[in-house]
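Step one of this worksheet: look at the structure below.
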Protein chains: 2
Amino acid sequence: MSILSAAVDVLRCFSSTRHDVTVTDLVSLLGMPKSNASRLLRAMRDEGLLETVGASKRYRPSLLLNQVGQIYRFAASLIDRADAIVGRISDEVGHTGYISVRRGADIIGVTAHPGRHALRVVTAIGDRISAFASSTGRALLARLSDDEVRQLYPDGLVPPSGTAPQNLDELLARLARVRREGYAESHDEAVRGVRAISVAVGDPATGDEVALCISFPAAMASPQERLAIIRSLSEGAAEIAALTRDPLFIPIRPSIAETAP
Amino acid sequence: MSILSAAVDVLRCFSSTRHDVTVTDLVSLLGMPKSNASRLLRAMRDEGLLETVGASKRYRPSLLLNQVGQIYRFAASLIDRADAIVGRISDEVGHTGYISVRRGADIIGVTAHPGRHALRVVTAIGDRISAFASSTGRALLARLSDDEVRQLYPDGLVPPSGTAPQNLDELLARLARVRREGYAESHDEAVRGVRAISVAVGDPATGDEVALCISFPAAMASPQERLAIIRSLSEGAAEIAALTRDPLFIPIRPSIAETAP
DNA sequence: ACCTAAGTTCCATTTTATGGAACAAATTGG
DNA sequence: CCAATTTGTTCCATAAAATGGAACTTAGGT
């Protein structure tokens, strides 16, 4: 086993409840001889991976690790990350996944993952659809204040279907629900028989915001499947939100998160 | 030389302008045989320090590094507190705020708050700049004795601009002024037309020291605004100093503190 | 399909890590 | 203030891993 592996094990010892480690911590956590623990910590400090806390024998991650860790945020763009997550979920559940961005009152699909079921929801990349009349759009609109939403629709709404919000008040009520529940859902809106679930996440550093969406024929998904999709999307988006420190991200209610798979 | 040292060298290759590396990058940057570079990158990926970008042969820092790097902020709780205060001030005044630490004669930005004005000072996190030629640097250097400062610059200064201190005596004179007034200021130093005000504070228990800084276009801030920024920074730093019992903290002169808001 | 650049694998040699135990230092308790 | 105990460091022979040159494979570009 290379010393690299031992060093990584040390890094994995750090957590939100353990901000620093000592030689004995390593002995008990990793079961290594304390001679190794002692030398390893010193070597990692000498190399600049760790630093000692004041004059004590406690070690914590170094500034270097902090800086390299920050690179990760820039290395992958928000869209890349969201796309990777939606791609994975789409693979798992077999339904179509896509990510979209909002431009004003419109939603634009950016990337799509077709899904593999015979009955498949097909969405065109690059098409603009009305934000208020789709789950992706409402997931993104829910990140605005009610006032900002009103400003987007100075002339009210022109509902494309009976299941979409019919007026501004109905839209605001549904956005309130999105903010409460952490996800947006549509049913029979753009296409009859199609259900879609969306979660939005942003990067305050760049101002980008995307919606992650899984879309499927309503007849094909059981209530459990629907819950699983909500959970997957939310978990994936939460990962991104943690990375970008998105202050607007809404985690789903624990009651949903805890439901058995 | 241990493989740990080589791995850290790889991590040091990452910067704000290099988000990923390849085998050949390492060969040219570190002068190592490409057989080593190839194996090292793979080992680091297998251990979870790096991840490959998509299906390409590019490597970037992993989520693990991002997470461990975040620990640094909590481990060095001084940074967290300082960051919160600078963030609040930045929100209030709308200008860019950041906090930095000193490593030898260099200053490294740790966190930043962009500010919301159209004309905005942008500072790169993780970049090293000369301590003596910035307000953050001088705020931190002012915590050292003149002798300690002299030891940091055995070969004198290489001023990057005409407004920075031109020699050691000039630097010491400016540090004396920082100690007298409780804040450091720069004007037209790193960037033309940019003014920055910094205050330093430390935690004697851990030995950590940080500088809190607000940076703004000189043309955009009135004398009153400038005073308000000095006051806010100093009050925030004083809060931290009280918590950590920092014996080196210098409160601003009452004449400034009392000026009407 | 060719050529070139980039990346990987192989192998004997050199260097480094390992872990038990002795030693040293720092805490704790009386 | 000293003894007991816990915690951390150093030493050493052995075992394991890293090294770098060259052969080999793969990917990119024209």
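Every value quoted in this text rests on a predicted model; they were computed, and no experiment measured them. Letters go in sequence order (proteins before strands), and every chain restarts at 1.
Using a 4.0 Å cut-off on heavy atoms, the residues of residues 18-30 of chain A that approach DNA chain D are A/Thr22, A/Val23, A/Thr24, listed by number. Within residues 4-14 of chain A, no residue is approached by DNA chain C to less than 4.0 Å at the level of any non-hydrogen atom. Annotation: proximity of residues 34-51 of chain B to DNA chain D (heavy atom, distance under 4.0 Å) is found for B/Ser35, B/Asn36, B/Arg39, numbered in ascending order.
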For residues 40-48 of chain A, which side-chain donor-acceptor pairs fall under 3.5 Å, sequence neighbours excluded?
none

Side-chain atoms of residues 28-35 of chain B: list all donor-acceptor pairs with protein atoms under 3.5 Å, sequence neighbours left out, distances to 0.1 Å.
from    : atom 1 : to      : atom 2 : distance (Å)
B/Ser28 : OG     : B/Thr24 : O      : 3.3
B/Ser28 : OG     : B/Asp25 : O      : 3.0

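Between A/Arg58 and A/Asp20 there is a salt bridge, since a side-chain N of the basic residue sits under 4.0 Å from a carboxylate O of the acidic one. Checked for salt-bridge contact, A/Glu235 and A/Arg231 miss the test: no charged N lies under 4.0 Å from a carboxylate O. Between A/Asp83 and A/Arg88 there is no salt bridge, since no side-chain nitrogen of the basic residue lies less than 4.0 Å from a carboxylate oxygen of the acidic one. Here A/Arg81 does not pair with B/Glu51 in a salt bridge; the nearest charged N to carboxylate O distance is not below 4.0 Å. Between B/Arg150 and B/Asp147, at least one side-chain nitrogen of the basic residue sits less than 4.0 Å from a carboxylate oxygen of the acidic one, meeting the salt-bridge criterion.
Map A/Lys57 and B/Pro33 each onto its nearest nucleotide of DNA chain D; the residue landing nearer the 5' end is A/Lys57.
For A/Asp9, the side-chain hydrogen bond (donor to acceptor under 3.5 Å, both in side chains) criterion is met by no residue, not counting sequence neighbours. With sequence neighbours left out, the side-chain hydrogen bond (donor to acceptor under 3.5 Å, both in side chains) criterion links A/His19 to no other residue. For the ring pair (Phe, Tyr, Trp, His ring centres under 6.0 Å) test, no residue two or more places apart in sequence or in another chain qualifies with A/Tyr72. In this view, A/Ser198 and A/Ser135 satisfy the side-chain hydrogen bond (donor to acceptor under 3.5 Å, both in side chains) rule, not counting sequence neighbours.
Between atom CG of residue B/Leu152 and atom CG of residue B/Leu141 there is a gap of 6.5 Å, rounded to the nearest 0.5 Å. B/Arg39 contributes atom CZ, which lies 8.5 Å from atom CD1 of B/Ile3 (distance to the nearest 0.5 angstrom). The CZ atom of B/Phe132 sits 15.0 Å away from atom CG of B/Leu140, with the distance rounded to the nearest 0.5 Å.
Between the side chain of B/Glu181 and the backbone N or O of B/Val178, no donor-acceptor pair lies under 3.5 Å. Between the side chain of A/Ser90 and the backbone N or O of A/Val86 there is no donor-acceptor pair closer than 3.5 Å.
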Next on the checklist: Could you walk me through whether A/Phe216 and A/Ile197 satisfy the side chain to side chain contact (heavy atoms under 4.5 Å, CB included) test, starting with their C-alpha distance in whole Å, then the side-chain angles of each, then the deciding distance to 0.1 Å, before giving a yes or no?
Outcome noted: CA-CA 9 Å; A/Phe216 49 91; A/Ile197 293 167; 4.1 Å; yes
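Across the helix from C/dA1-D/dT30 to C/dG30-D/dC1, the helix axis at one end is tilted relative to the axis at the other end by 70° (nearest 10 degrees, each axis from five pairs).
When rounded to the nearest whole Å, the span between CE of B/Met32 and C1' of D/dA18 equals 11 Å.
A nucleotide of DNA chain C counts as in contact with chain B when one of its atoms lies under 4.0 Å from a heavy atom; the first and last such, 5' to 3', are C/dA6 to C/dA17.
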Between protein and nucleotides 28-30 of chain D, what N or O pairs are separated by less than 3.5 Å?
none

